[in-house]
Amino acid sequence: MDNNDLLAVEGLRVSAEEKEILRGIDLKIGKGETHVLMGPNGAGKSTLAGALMGDPRLTVTGGAARINGEDLLEMGVHERARAGLYMSFQNPVEVPGISLENFVRTALEQRSGEKVRPWAFHKEVLQVLKTLEMDESYAERDLNYGFSGGEKKKAEIFQLLLLKPSLAILDETDSGLDVDAVRTVSRGIEEFRKNQDASLLVITHNAAILEALHPDAVHILVDGRIVKNGGPELIGEIGRDGFAAYTGEEVHA
Amino acid sequence: MNGEKTQVEDVHQEFYDFRFDESDFFKVDSGLTPEIISQISDEKKDPAWMREFRQHALEVYSRMKMPDWGPSVEGLNMDNIVTYVRPNTERMNTRWEDVPDDIKETFDRLGIPQAERTSLAGVGAQYDSELVYHNVREEVARAGVIYTDIESALHGPYADLIRERFMKLVPLTDHKFAALHGAVWSGGSFVYVPKGVHVDIPLQSYFRLNAPGAGQFEHTLIIVDEGAYLHFIEGCSAPKYNVANLHAGCVELFVGRNATLRYSTIENWSKNMYNLNTKRAKVEEGGKIEWVTGSFGSHISYLYPMSILAGRGSRSEFTGVTFAGAGQILDTGCKIVHAAPDTTSYVNTRSISKSGGENIFRSAVVVEKNAENSKSAVSCQSLMVDRISRSDTVPVMDVKTNRADIGHEARIGRISNDAVFYLMSRGVTEEEARALIVSGFADNVSKELPLEYAVEMNNLIRIEMKGVIG
């Protein structure tokens, strides 16, 4: 393993409900790199994200995954988060009774084992809300409770900027993002990447997001395997021709 | 995290479990005889009518049967219960310094005087059978608000007011433990809020049962006069002993025309307690009773606060959470009688069961023939933390007019694995994730409590959820 590798996935095989979805994935993401994962619906993109985060509905049947050289697959979900991994959910769960701000503060305290000073933290919260052009009332609302789809997506980006993981997986597939949410996601990515060491794996079809990304690498996932690794030029190619060249049939993004 | 659940059994609640020796306190013998009742009367310097009342109550008690329709109370042997334990102090102190040290320390550790300093209009503290401390802020007293122990009030200018109402809302014949209460009651509070007085900050009473094998039978009588407002909070706790303790208090609330009374309870009796408590409110025209209750403790509870909507347009709101863990059967709920037109009632309860704990929710909504245009909505949600716990719902409706709008909704659920995964993905442990979800589930009550109490309630949930992983 390269010392610069933040994430190293080798031969990862994953099943859901006894059906094999990922059939041997190899993927390396270095510190400070931005990668894009593309593929037709059902290829297994979200499964890869979920398996790395430790989704209990998925079973890893083979292969390895390391973060900073440590065995990711041996870790509990919260330990993966503490090791620096973050995944934005397509359908974040609604939890009444705790505000978005208090939840993130609780998470930070649990991660570090130290008290976070509420006032200093609140100032940071306001700063992030401003950056994301989100209304201040967001932070006071119960975690995702009664949020629209777009609001939930924004709240995920809000958490990303406060939790400051070393690798963020943004799984935006299949979600009809409104213009507002797209802008928030783009701003969030921009802000997140201001940290030179921050790495990003973006799963998206959204041209508006992809254009601004200038990724270091693009991976094409088809039927549980990565069939092509390349540079930003792959984005244009897929946009033009779809995945037909890789699936042997006419499949569009 | 596969489908199989593991279970870690109950943790004891260290925070509440400290205890002090009560060997030099005055106690009556255990059990119930006319002599013991008479001894209590002597101790309390009862007026003649109260002496008679107690003896009559004992007769009613002896005649009545134990309840046979709910959780078993077989473990409660009345011959072993000490009905009166007087702490070693002058009856009642109005200066905190005068309260004996061990008792003071107990309440200090429970945060009572701090609470008074910061956020309360007045505080009462009962230790075993007697109120040991009572104090009201000057500005509240100046507005004519009376907050005192019932014993003194029985001899003062409010004697008639009390005599007219004492155990009239909850008659002795209501059930066996109401009769018992009538015979052995001791301590509790009397509150009177005069016409139009709005008490902005809450009054609080704290009940602590310390002596093993004892019973606590405090009587709370509150009168909120026309157009007045009061928020009254009661908190209860006890250390755990290996013998059964009994709590059979009685709360009688009188809400005047266009008056509002909010009555909040955070109850955390130890898990050897039989909590057979009776609470009732009568609401006049345009008045409102708001019950807010969090029940965490006791071995067995029978608790159904009742609202009698006696005046036109009167209202009742009931918001409750019960949390039953290992060895607990909490039979709780509420009863509403719509006895006038245009009355409304709203019930919103949540129950949480874990480690084999059992929740039974009973609601009874009675709509009398004259209660036209009345509305009632009852919603009850249950959360099962594991597969070995139980939850039952027993709704009863007795509607005698067809011009009323009555609804009932019950739901039962488990903690979703998706939610646990989501929260954990942000770095919180599984235990914390579950505690967050359970606290959120109980937020119907925590939202209604003053901040410090909401925090205490969430802490209780956190303690209860300790070691519980799926």
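Per chain, numbering begins at 1; letters A, B, ... match sequence-line order. Keep in mind that what you see is a predicted model, and the values were worked out from it rather than measured.
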Worksheet item: Going by the angle between their ring planes, with limits at 30° and 60°, are A:H35 and A:H219 parallel, tilted or perpendicular?
Response: parallel
Discussion item. Can you tell me how the ring of A:F103 sits relative to the ring of B:Y422, calling it parallel under 30°, perpendicular over 60° and tilted otherwise?
Written reply: parallel
Worksheet entry | Leading residue by heavy atom contact count with chain B [cutoff under 4.5 Å; candidates A:D55, A:L163, A:I98, A:V95] | A:D55
Worksheet, complete the sentence: Note: B:R426 and A:M87 closest approach over all heavy atoms is NH2-O, 2.7 Å
Practice prompt. Flag the one option from B:T429, B:I437, B:N444 with the top tally of heavy-atom pairs under 4.5 Å to chain A.
Written response: B:T429
Worksheet entry | Salt bridge flag under 4.0 Å for residues A:E191 and A:K164 | no
Worksheet entry | Options B:G440, B:S446, B:S416, B:S439, ranked by heavy-atom pairs under 4.5 Å with chain A, top entry | B:G440
Discussion item. Quick check on A:L143 against chain B: is it the side chain, the backbone, both or neither that has a heavy atom closer than 4.5 Å?
Written reply: side chain
Worksheet item: By a 4.5 Å heavy-atom criterion (distance strictly below it), what part of A:S88 contacts chain B: side chain, backbone, both, or neither?
Response: backbone
Response to the item:
Nearest heavy-atom contact between B:M384 and B:S391 is SD-CB, 3.6 Å
Worksheet entry | Contact origin within A:F89 toward chain B - heavy atom pairs under 4.5 Å | both
Discussion item. So which atom in A:Q90 and which in A:S46 form the shortest heavy-atom distance, rounded to 0.1 Å?
Written reply: NE2-OG, 2.8 Å
Discussion item. Just so I understand: if I count every heavy-atom pair under 4.5 Å between each of A:R80, A:E79, A:E109, A:R57 and chain B, which residue has the most?
Written reply: A:R57
Worksheet entry | Contacting region of A:N144 [heavy-atom separation from chain B under 4.5 Å] | side chain
Worksheet entry | Full working for salt bridge (Lys or Arg N to Asp or Glu O under 4.0 Å) between A:D171 and A:K45 | CA-CA 8 Å; A:D171 185 3; A:K45 303 185 296 294; over 6 Å; no
Discussion item. At a 4.5 Å cut-off on heavy atoms, which part of A:D142 comes close to chain B: side chain, backbone, both, or neither?
Written reply: side chain
